[in-house]
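Everything below concerns the one structure shown next.
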Amino acid sequence: MVYKFEINANGPYNYEHSLAFLGRSDKEALFQVNAGKIFRPYACDGVNAMLAISGMKNGVNVEVSSDIISGESLEKISAFVTEWLDLDRDILAFYNMAAGDKILAPLVDKYQGARITCIPDFFETFCWAIAGQSISLHVVYIIKQLLVERFGEEAQILGKRYRMFPTPEKISSLDTEVLQSVKLTRNKAVCIKRVAEMVAAGEISKQMFDGVDTKAAVKELVKIKGIGGWTANYVMLRGLRRNDAFPLGDSGLVNALRIQLGLDRKPTEKEILDFAAGWNGWESYATFYLWRSLL
DNA sequence: ATCCAGGCTCCTG
DNA sequence: CAGGAGCATGGA
C-alpha cells in the first residue's frame with residue numbers, strides 16, 4: 001500500500017537545495033537520489049517502508065510504500081523526514097541577521113530556501129563525524145558504505161533487502177581491529193567503538209542534551225578521547241540541530257570563506273571568529289550556507 | 001610523487 | 001603552551 005502526505009516547511013524552503021546536498025555523492029549508502037526524488041528504505045521499531053520524497057512549494061511530498069503501517073508509524077516517518085531535511089526550523093531570524101552581513105548576504109540570496117541536511121540518528125552522526133576527520137568527503141562516503149554493508153542489519157521491504165546503518169550495539173561488539181578494516185585509523189576505530197558503547201548503554205543520548213547549551217554540550221563531548229572541537233560541533237550542527245554550533249577549522253568552512261572573500265590564502269581561525277562576530281546564534285546555518293557554496 | 005581532504009592525539013622544545 | 005609528526009585513504 002502507498003500512503004501519501006505533505007510536509008510544509010516552517011518558512012522558506014527550496015527542495016532543490018536538499019537534492020543538491022543529498023545527491024552530492026554517488027557512494028551514498030542509505031538512500032538514493034533519482035530524477036528529482038529521494039528514495040530511502042526506512043526500518044524502525046518493526047516498521048519497514050520505502051520512502052519516496054519529492055519537492056513541492058515550500059515543502060515536500062512523502063510517499064510511504066509498505067505492507068502494513070499504522071497512523072502512528074506514519075507520524076514517526078513524518079517526524080523523521082522533518083528532522084532529516086530540517087523542515088521545522090524557523091530560519092527567518094537567520095535571514096534577517098544574514099541580510100546585514102557582507103559574507104552571508106549574497107549566499108542567502110543565492111541559496112534561498114536551503115536548509116541543513118541533518119542526521120536524525122544520533123550514533124550515525126558520530127560515526128560520520130569521527131570517520132570524516134582529516135579525510136576527504138569521498139573517502140568518508142566509502143567508509144560509510146563499508147560500515148553499512150559489513151555491519152548494518154538487513155531489513156526486508158516490499159520483498160527486497162536493504163541494509164540500515166549499524167546499531168551502536170553491533171559496533172560496540174566488534175574488535176577495534178575489525179573496525180579498522182573499514183579504512184579507519186586506529187584512533188578512530190577506538191573512538192567509534194567507545195561512542196557505540198556509550199550510546200548503547202545510554203551514557204550519552206540526544207535527550208541528555210535537552211536544555212544544555214551548545215558550548216556546555218561540546219565541553220562534555222570533547223572529554224571522549226578522539227572527539228575534538230570540530231567533531232563535537234559537527235555533531236551539534238547536524239545531529240542535535242543546534243543553531244549555534246561552529247566547527248571552526250573545518251576545511252570546507254575555511255575554503256568557502258577564502259573563495260567568498262577572494263583571499264589568496266586560507267583565513268586564520270582568529271580571522272574567521274572576526275568575520276563571524278555578527279553571526280551570534282546562527283553559526284550553524286552560516287556554516288551550512290558556506291558549505292552549500294562549495295557544491 | 002607530493003599534497004590535501006569537512007582533525008585529533010601525543011610528543012617535543 | 002606552541003609547533004609538528006603520524007595516522008588511513010583516494011584524488012588532484
Side-chain angles (χ1 to χ4, degrees), chain A residues 17 20-29 86 103 107 111 114-119 124-150 174-195 198 218-242 244-260 263-273 275-276 279 283-295:
Chain A
H17 295 303
F21 193 87
L22 293 169
R24 66 186 173 160
S25 171
D26 57 0
K27 296 260 189 303
E28 172 57 51
D86 205 37
I103 296 172
L107 293 177
Y111 305 117
R115 285 171 184 261
I116 295 176
T117 301
C118 298
I119 305 175
E124 183 191 333
T125 317
F126 277 96
C127 292
W128 179 262
I130 295 162
Q133 294 165 357
S134 149
I135 56 175
S136 61
L137 279 172
H138 180 70
V139 181
V140 200
Y141 275 106
I142 292 172
I143 292 173
K144 177 176 170 184
Q145 205 170 39
L146 290 169
L147 282 170
V148 170
E149 278 172 8
R150 294 193 49 189
L174 301 172
D175 290 333
T176 54
E177 290 74 23
V178 175
L179 269 176
Q180 280 187 83
S181 70
V182 297
K183 304 177 192 289
L184 292 167
T185 64
R186 170 154 192 86
N187 282 347
K188 287 181 184 177
V190 169
C191 182
I192 284 179
K193 182 174 158 78
R194 178 67 194 130
V195 169
M198 293 178 81
V218 165
K219 204 169 165 185
E220 267 320 295
L221 289 180
V222 297
K223 288 179 184 168
I224 303 168
K225 189 169 153 189
I227 294 186
W230 178 85
T231 307
N233 275 281
Y234 191 95
V235 168
M236 286 291 126
L237 196 163
R238 290 245 275 156
L240 289 190
R241 306 175 66 207
R242 296 306 178 97
D244 58 345
F246 201 16
L248 263 182
D250 176 88
S251 81
L253 177 68
V254 170
N255 282 325
L257 280 169
R258 183 177 55 72
I259 293 167
Q260 289 304 310
L263 305 175
D264 54 0
R265 55 165 182 80
K266 294 177 177 181
T268 66
E269 208 159 282
K270 262 187 184 168
E271 288 171 322
I272 294 177
L273 280 171
F275 298 140
W279 301 351
E283 289 83 357
S284 296
Y285 255 86
T287 301
F288 190 79
Y289 271 67
L290 283 159
W291 284 345
R292 179 65 185 82
S293 73
L294 295 173
L295 288 181

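For clarity, every value in this text was computed on a predicted model and none was experimentally measured. Within every chain, numbering begins at 1; the chains are lettered A, B, ... in the order of the sequence lines, protein sequences first and strands thereafter.
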What's the verdict on salt bridge (charged side-chain N to carboxylate O under 4.0 Å, His left out) for A/Glu28 and A/Lys144, showing C-alpha distance, side-chain angles and the deciding distance? CA-CA 8 Å; A/Glu28 172 57 51; A/Lys144 177 176 170 184; 2.7 Å; yes

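With rounding to the nearest 0.5 angstrom, the NZ atom of A/Lys193 is 13.5 Å from the CD1 atom of A/Ile130. Interatomic distance, A/Tyr289 OH to A/Ile103 CD1, rounded to the nearest 0.5 Å: 16.0 Å. Atom CG of residue A/Leu107 and atom CD of residue A/Gln260 lie 4.5 Å apart, to the nearest 0.5 angstrom. The distance from atom OH of A/Tyr234 to atom OG1 of A/Thr287, rounded to the nearest 0.5 Å, is 11.0 Å.
Side-chain contact between A/Asp86 and A/Tyr285: present, with at least one pair of heavy atoms (C-beta onward) separated by less than 4.5 Å. Between A/Val254 and A/Ile272, some side-chain heavy-atom pair lies under the 4.5 Å cut-off. In this structure, A/Met236 and A/Val218 have side chains that are in contact, with non-hydrogen atoms separated by less than 4.5 Å.
Separation of the C1' atoms belonging to C/dA2 and B/dA5 is 24 Å when rounded to the nearest angstrom. Distance noted for atom P between B/dC8 and C/dG10: 22 Å (whole Å).
Identified under the salt bridge (Lys or Arg N to Asp or Glu O under 4.0 Å) test for residues 130-140 of chain A, with sequence neighbours left out: none. Applying the salt bridge (Lys or Arg N to Asp or Glu O under 4.0 Å) test to residues at least two apart or on different chains, none of the pairs has a partner in residues 231-240 of chain A.
Listed in residue order, the members of residues 135-148 of chain A having a heavy atom less than 4.0 Å from DNA chain B are A/Ile135, A/Ser136, A/Leu137.
If you take CG of A/Leu184 and P of B/dC8, they are 15 Å apart, rounded to a whole angstrom. For A/Asn187 and B/dC11, the CG to P distance is 11 Å, given to the nearest whole Å. When the P atom of B/dC8 is taken as reference, atom CG of A/Leu248 falls 11 Å away, rounded to whole Å. Taking atom CD on A/Glu269 and atom P on B/dC8, their separation rounds to 10 Å, with Å as the unit. Between the P atom of B/dC4 and the CG atom of A/Asp250 lies a distance of 17 Å, rounded to the nearest Å.
Heavy atoms of A/Lys27 sit nowhere under 4.0 angstrom from any nucleic acid atom. A/Lys188 comes within contact range of no nucleotide atom at all, as no heavy-atom separation falls under 4.0 Å. Within 4.0 Å of A/Ile227, counting heavy atoms only, lie sugar-phosphate atoms of the nucleic acid but no base atom. Here A/Thr287 lies out of heavy-atom contact (under 4.0 Å) with every strand.
For A/Ser251, the side-chain atoms get nearest to B/dA5 when compared with the rest of B/dC8, B/dA5, B/dT9.
Where pairing requires Watson-Crick or G-U contacts shorter than 3.5 Å, the helical stems of DNA chain B with at least three consecutive pairs are B:2-5 with C:9-12, B:7-13 with C:1-7.
With a cutoff of under 4.0 Å to any heavy atom of chain A, the contacted region of DNA chain C is bounded 5' to 3' by C/dC7 to C/dG11.
Looking at residues two or more places apart in sequence or on another chain, you find no side chain to side chain donor-acceptor pair (under 3.5 Å) involving A/Ser136.
Side-chain N/O atoms of A/Asn255 include one lying less than 4.0 angstrom from OP1 or OP2 on B/dA5.
Place A/Tyr234 and A/Gly226 on DNA chain B by their nearest nucleotides, and A/Tyr234 ends up nearer the 5' end.
Note on ring orientation: taking the six-membered ring where Trp is involved, the planes of A/Trp291 and A/Phe288 are perpendicular (angle over 60°, cut-offs 30° and 60°).
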